[in-house]
Number of protein chains: 2
Amino acid sequence: MARNASFNIERFFQALGDMTRLRLLNLMGEQEICVCYFTEILAQPQPKISRHLAYLRSAGVVAARREGRWMHYRIVMPPHVGATQILLQTLAWLKEDRVMQTDRARLTKACCSPAKFVALQGAPLPASIDPSTCSTSR
Amino acid sequence: MARNASFNIERFFQALGDMTRLRLLNLMGEQEICVCYFTEILAQPQPKISRHLAYLRSAGVVAARREGRWMHYRIVMPPHVGATQILLQTLAWLKEDRVMQTDRARLTKACCSPAKFVALQGAPLPASIDPSTCSTSR
DNA sequence: GAATTATATTCGCATTGACGCATGCATTGT
DNA sequence: ACAATGCATGCGTCAATGCGAATATAATTC
């Protein structure tokens, strides 16, 4: 309920004005990600992650999908072309950031060798991950 | 390299997360604008305008130049290509907004017929304004 | 139905932000 | 020096935000 509040420009930029939320967006990128990956990769308390995801959701930047016990979050493009372009531009920009690159590397590693991440045993893989991308990890 | 410690991603987006600040940025656009125009066109208290300008300055989004009693503010492009593109994209997006269009129209009007804006008597015109753009005003 | 797992929400607290009001500071003009 | 002008800043107040800790909710498993 109350999931489709009208898109608000201020709220949109405010949602981008926090490093934790930017890291979450960077991890989502093009694909849907399970919450358990966020908490594991950012190494931060689950309630904190959950609140930031709720913030992003209230800003209309992400959407959630439930799959059994797991919640998958994905980026949704805003209902304005201008905002969409800014969001895409931001995601592209984030990829140049060291922290963001490290996060992405950890995500790949977690998906390829989940056995090393105790908390992720049995967690659903992002849909777009396939073993062929797991070149150097063991 | 090019690590400019003064520029902060979070701060950058936070600066964009306020309607008053977006209106100020929209008014500046490509040109330098005197503070007295902001207060007149937005019809809001001068300390409020000044505070928001200070916020934008602290975020590295605008710069100020003193000219006698007047302060001129202008947009400065961030030291990152990504941020620059986002800022330009944002400015372009704002132009589609009704409020922003009205503000711009009022700015043009104020520059062309300052006599109608008591507070702007003698105020310096934006550098890029010339009388040829004042077609229908008297 | 009870326990477990994955995620969301509530609470208390500290910090920040936005605002109005009054005042301070810098520059110009007399 | 004094007053006037244009702008910035300090103060008090209130709302919003971020956080950790605890608790609640939803889906699954026993």
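Order of the sequence lines sets the chain letters (A, B, ...), proteins ahead of strands, with each chain counted from 1. Worth knowing before you read on, the calculation uses all heavy atoms, side chains too, and leaves out hydrogens, waters and symmetry mates.
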May I ask you to verify whether the side chain of A:R51 and the base of D:dG20 hold a donor-acceptor pair under 3.5 Å? yes
For a quick check, tell me whether the side chain of A:Q46 and the base of C:dA6 share a donor-acceptor pair closer than 3.5 Å. no
Nearest-angstrom distance from the residue atom [atom1] of [X] to [atom2] of [N]:
X	N	atom1	atom2	answer
A:Q44	D:dA21	CD	P	13 Å
A:M71	D:dA26	CE	C1'	10 Å
A:E67	C:dT7	CD	P	11 Å
A:K48	C:dC13	NZ	P	21 Å
B:R69	C:dT28	CZ	C1'	5 Å
B:L53	C:dA18	CG	C1'	14 Å
A:L56	C:dA8	CG	P	12 Å
B:R66	D:dT5	CZ	C1'	11 Å

Between [options], which nucleotide has the shortest distance from any of its atoms to the side chain of [X]?
X	options	result
B:P47	D:dA27, C:dA22, D:dG20	C:dA22
A:S50	C:dG17, D:dG20, C:dT7	C:dT7
A:R21	C:dA18, D:dG18, C:dA8	D:dG18

Identified side-chain hydrogen bond (donor to acceptor under 3.5 Å, both in side chains) counterpart of A:H52 within the set A:R21, A:Q44, A:R57, A:R23: A:R21
5' precedence on DNA chain D between A:G68 and A:D18 (nearest-nucleotide basis): A:D18
Before giving the answer on side-chain contact (heavy atoms from CB on, under 4.5 Å), spell out for B:N26 and B:D97 the whole-Å C-alpha distance, their side-chain angles and the decisive distance to 0.1 Å. CA-CA 10 Å; B:N26 174 64; B:D97 186 278; over 6 Å; no
Has B:H52 got a side-chain N or O lying under 4.0 Å from the OP1 or OP2 atom of C:dC19? yes
Sugar-phosphate, base or nothing in reach of B:R11, heavy atoms under 4.0 Å: sugar-phosphate
Within the structure shown, what part of the strands sits under 4.0 Å from B:Y73 by heavy-atom distance: base, sugar-phosphate, or nothing? sugar-phosphate
Assess whether a salt bridge exists between A:E30 and A:K95, defined as any Lys/Arg side-chain N lying under 4.0 Å from an Asp/Glu carboxylate O. yes
Taking C-beta and beyond as the side chain, do B:Y55 and B:D18 meet within less than 4.5 Å on heavy atoms? no
Take atom CZ in B:R65; do more than 12 heavy atoms of anything else shown fall under 6.0 Å from it? yes
